[in-house]
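Here's the structure, in structure tokens; my notes come after.
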Amino acid sequence: MRYLFLLLGAFLFTAQLEANESKVCQACHPIIYEEYYESSHRNASIYNNPIHNAMWEKHPKDEKGYTCAKCHSPSDLKALEEGVVTRNETQTEEPISCMYCHSIKDVQEGDSSNSNILVDKKREYYTAQDGKKGKVEYEMKSSWFGLKKEPKSSPFHKIDYDNENYYNGNVCMGCHSHTNNDHGFDITMLDALISEDDKNSCVTCHMPQVPGSKVTLKETKTHAYHGIAGIYHKTSNMGEYIDFKLSKKSDGFSVNVINKSNHALFGQAFRQGILKAEIKRGNKTIALEPFVFERVLARNGVEVMPWEANEAIKDTLIYAKREVSFSETLRSGDKLTLTLGVQRISKEGAKKLGLELDKEFTKFRILKSETFSF
């Protein structure tokens, strides 16, 4: 009986598909929808993301109109095709809808930025599941001589398990690869690279398996986290992909910060990574000068907003690794604690964007902390 109610619910939700596509998904994927609703994808528009809104307010306007829709609100067709952005249900509830991401057939590489190529079949969506291949359509499976019936797949859509982009993380590269401004300068510098040799991908790092069923029709123990782990959620989980390698020297010590992900860390405009080092020496605590990882964008040697930049006058990002030196000499009995964290935007960036009163944007979020004894 419960499958009948779920089936009915799915079709009732279909009636409001044009207004809110993702609400349809909630009927069968309530846990995933709840995560999505708090995610950076659902909060990507100028109406949900204060940082993006502040950037767009300062961005020069021309006949092209809103030029960020391709990645910040592709589900709003008027914004995407005409550059006209207005407050509406799509912008506030699903600027990047569930169906949009699961409809990406391939990614077309471009000089200025990449583009997503969408499947042209309605209600046929891609996903990934280890050990599963092929396309699956809805059918009821009978057991116990027909006394027990269970759905084999979704009653709302077909599922395609064969798109390799959803397994290797390339599905994210339409928006999370590079973004060049009008001067041909990359203003995000993720330096992302998808390789067959990678043990980690966008999906394994930012959408890890977490407890809870992915669908109500057939219970599963885990599902891919759709809140998008990173600077907004599960920040400390990112420390799993960072290592500290410590070296003692006669005039101090150095720390090699090893980046095990497949992209540079902290490359977005105004973002800062900060490495703090604190030594516990007897009853005394020595806080060393923090090291800042950032990329400062400029034009003719002067720091400017991202759309005006044609160079970086500072680049201390963590690519594969970054060595940081400290002048304090370590002694026997010392305990050194290294803490790597991130600020969504720097304090200077917050001032430039008029966001300095909201401390949430400049809050230090810990990615990894480790203590070494000598």
Side-chain angles (χ1 to χ4, degrees), residues 51 186-192 205 229-232 235-281 284-298 301-304 306 309 311-331 334-353 355-356 359-374:
I51 297 175
D186 188 354
I187 59 175
T188 56
M189 197 41 133
L190 283 174
D191 198 36
C205 294
I231 64 168
Y232 288 95
T235 305
S236 59
N237 285 33
M238 298 296 97
E240 179 182 345
Y241 307 100
I242 298 166
D243 279 339
F244 296 141
K245 186 176 181 181
L246 191 68
S247 299
K248 291 177 66 176
K249 298 180 178 180
S250 59
D251 58 347
F253 65 95
S254 67
V255 180
N256 236 329
V257 184
I258 310 297
N259 175 15
K260 295 188 289 184
S261 74
N262 56 12
H263 62 80
L265 302 182
F266 319 123
Q268 291 87 345
F270 297 132
R271 186 152 301 166
Q272 280 189 343
I274 301 173
L275 178 64
K276 297 181 178 181
E278 186 176 273
I279 299 172
K280 187 75 173 178
R281 183 172 293 159
K284 186 178 180 181
T285 299
I286 305 170
L288 305 183
E289 183 70 23
F291 185 88
V292 177
F293 305 96
E294 63 181 343
R295 185 167 176 255
V296 179
L297 308 183
V302 178
E303 185 176 0
V304 294
E311 62 179 343
I313 54 174
K314 178 184 179 182
D315 185 347
T316 54
L317 301 184
I318 305 173
Y319 292 89
K321 60 184 178 180
R322 171 72 66 175
E323 186 175 21
V324 179
S325 296
F326 294 91
S327 58
E328 183 72 24
T329 302
L330 295 170
R331 304 176 188 176
D334 283 352
K335 286 190 175 181
L336 169 67
T337 298
L338 298 173
T339 303
L340 178 66
V342 62
Q343 293 179 179
R344 291 176 186 168
I345 52 175
S346 65
K347 291 181 180 179
E348 294 77 10
K351 289 180 181 178
K352 291 178 185 293
L353 296 175
L355 299 173
E356 66 271 26
K359 304 304 179 186
E360 187 68 18
F361 302 128
T362 56
K363 179 181 177 181
F364 180 75
R365 290 170 166 78
I366 296 176
L367 297 168
K368 184 182 182 70
S369 187
E370 188 173 353
T371 299
F372 301 83
S373 299
F374 301 91

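Note on ring orientation: taking the six-membered ring where Trp is involved, the planes of Phe372 and Phe244 are tilted (angle from 30° to 60°).
Residue Leu336 comes nearest to Ala277 through the heavy atom pair CD1-CB, 4.2 Å, listed as atom of the first residue, atom of the second, then distance. Shortest non-hydrogen contact noted between Ile313 and Ala298 is CG2-CB, 3.5 Å. Residues Glu311 and Gly301 approach most closely at OE2-N, 2.5 Å, considering heavy atoms. Nearest heavy atoms, Thr362 versus Ser346: CG2-O, 3.8 Å. Taking each heavy atom of Thr235 and Gly230 in turn, the nearest pair found is OG1-O, 2.8 Å. When all heavy atoms of Ala309 and Leu297 are compared, the closest pair comes out as CB-CB, 3.7 Å.
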Using the side chain to side chain contact (heavy atoms under 4.5 Å, CB included) rule, take Phe361 and Leu353 through it: C-alpha gap first, then chi angles, then the decisive distance, then the call. CA-CA 11 Å; Phe361 302 128; Leu353 296 175; over 6 Å; no
Evaluate the criterion side chain to side chain contact (heavy atoms under 4.5 Å, CB included) for residue pair Phe293 and Leu265; output intermediate values, then yes/no. CA-CA 8 Å; Phe293 305 96; Leu265 302 182; over 6 Å; no
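Met238 is not listed as a side-chain neighbour of Arg365, based on a closest heavy-atom distance of 4.5 Å or more. Contact check for Ile231 versus Arg271: side-chain heavy atoms found under the 4.5 Å cut-off. Looking at heavy atoms from C-beta onward, Ile286 lies in side-chain contact with Arg281 at the 4.5 angstrom threshold. Using a 4.5 Å cut-off on side-chain heavy atoms (C-beta onward), Phe270 and Ile51 make no contact. Counting heavy atoms from C-beta outward, Val255 and Phe291 have side chains that stay 4.5 Å or more apart. Counting heavy atoms from C-beta on, the side chains of Arg344 and Tyr232 come closer than 4.5 Å. Side-chain contact between Lys249 and Ser325 is present, with heavy atoms from C-beta onward closer than 4.5 Å. Using a 4.5 Å heavy-atom threshold, the side chains of Phe326 and Ile279 count as separate.
Atom CD1 in Ile242 sits 10.0 Å away from atom CG in Leu275 (nearest 0.5 Å). The CD1 atom of Ile345 sits 12.5 Å away from atom CD of Gln268, with the distance rounded to the nearest 0.5 Å. If you take CG on Leu338 and CZ on Phe253, they are separated by 6.5 Å, rounding to the nearest 0.5 Å. With rounding to the nearest 0.5 angstrom, the NZ atom of Lys368 is 9.5 Å from the CG atom of Leu340. A distance of 12.0 Å separates CD1 of Ile258 from CZ of Arg322, quoted to the nearest 0.5 Å. With values rounded to the nearest 0.5 angstrom, Lys276 atom NZ is found 12.5 Å from Thr337 atom OG1.
Side chains of Asn256 and Ser254: no donor on one and acceptor on the other come within 3.5 Å.
Side-chain atoms of Thr316 come within 3.5 Å of backbone N or O of Glu294 as a donor-acceptor pair. The closest donor-acceptor contact from the side chain of Glu278 to the backbone of Thr285 lies at 3.5 Å or more, if one exists at all. The closest donor-acceptor contact from the side chain of Asp315 to the backbone of Arg295 lies at 3.5 Å or more, if one exists at all. Side-chain atoms of Ser236 never come within 3.5 Å of backbone atoms of Ile366 as a donor-acceptor pair (strictly under, hydrogens ignored).
For Lys314, the NZ atom sits in a packed shell: over 12 heavy atoms of surrounding residues, nucleotides or ligands are nearer than 6.0 Å. The number of heavy-atom neighbours closer than 6.0 Å to NZ of Lys260, taken from other residues, nucleotides and ligands shown, is above 12.
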